[in-house]
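Just below is one structure, and these are the notes that go with it.
Note that the structure is predicted; figures quoted are calculated from it, not measured.
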Amino acid sequence: MKIAAILFSFALCWAPTAFGAATNPVGDPAAGEAQTAVCAACHGADGNSAVPTFPKLAGQGEKYLFKQLQDIRDGARPVPTMAGQLDGKSDQDLANIAAFYASQAGSGGQTDPALLALGETVYRSGIPERNVAACTACHSPTGKGNAPAGFPRLAGQHADYIAAQLVAYRKGYEDETGRVNDGETRIMRTTAFGLSDLEIQAVASYVAGLN
């Protein structure tokens, strides 16, 4: 069963349409820092948010950050708390912001001991009978993601934020009121759809403690 989960995971991660193949502008971290003063209120001055509902951006992959900023600006990923924040930003502006946050060191987090075993099982083995892929294939065994491929870093991220995104992806599997910006391959929607509420909480808590 673990072999099936691993093969399914790699099949998903190799899908070329997962996060698009367009060439991104080259970001300038210094120029990006100058544009992030307003972002600090929610995400922290260096991208390490202190509020569990706002994601840590520090140390996140530049390619992934750029795509998310584009999707939020263009309406492909509705985020009410970001409404209007990126209006008027060019692709170069977004690339600069992404470069700045990618250049910062991400802070760590903690795993709830009560959720450790279940979270580790989901993260490392998946749940093949429910088409839940092992998270390690795309996000790496250490949770640091695959920056060149555009797969995000999860290690140290707030568990509350990760859980909320998994719930949004799960809802987006059935209709467009959830999160649907994972491409035509539905990598995250397919994975999240097979997870229970407890499994979502557990895997979110587990990756928060990876450093």
F193 and N131, any side-chain heavy atoms less than 4.5 Å apart:
no
Do L86 and L94 come within less than 4.5 Å of each other through their side chains, counting heavy atoms only?
yes
Quick check: is [Y] connected to [X] through a chain of hydrophobic side chains (ILVMFWY, heavy atoms under 4.5 Å apart)?
{"X": "Y123", "Y": "V167", "answer": "yes"}
{"X": "L115", "Y": "I127", "answer": "yes"}
{"X": "M188", "Y": "V132", "answer": "yes"}
{"X": "Y101", "Y": "Y64", "answer": "no"}

Picking from I200, L195, N181, what satisfies side-chain contact (heavy atoms from CB on, under 4.5 Å) with Y169?
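One option only clears the test, and that one is N181.
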Among D87, D93, D91, which residue satisfies the salt bridge (Lys or Arg N to Asp or Glu O under 4.0 Å) criterion with R73?
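So the option named by the test is D91.
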Steps toward side-chain contact (heavy atoms from CB on, under 4.5 Å) verdict (T36, F100)
CA-CA 9 Å; T36 60; F100 168 68; 3.8 Å; yes
Using 30° and 60° as the class boundaries, would you call the ring planes of F151 and H139 parallel, tilted or perpendicular?
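Aromatic pair F151/H139 classed perpendicular.
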Under 3.5 Å, is there a donor-acceptor pair between the side chain of H43 and the main chain of K56?
no
Taking CD in Q110 as the centre, count heavy atoms belonging to other residues, nucleotides or ligands within less than 6.0 Å. Is the count above 12?
no
Start with the C-alpha gap between R170 and D197, add the side-chain angles, then the distance that decides, and say whether side-chain contact (heavy atoms from CB on, under 4.5 Å) holds.
CA-CA 10 Å; R170 186 174 64 185; D197 287 346; 2.6 Å; yes
Lys/Arg-Asp/Glu bridge criterion (N-O < 4.0 Å) met for D71, R179:
no
For the pair T53 and Y161, evaluate side-chain contact (heavy atoms from CB on, under 4.5 Å) and give the outcome as yes or no after the intermediate values.
CA-CA 5 Å; T53 54; Y161 176 76; over 6 Å; no
Going from CD1 on I72 to NZ on K67, what distance comes out if it is rounded to the nearest 0.5 angstrom?
10.0 Å
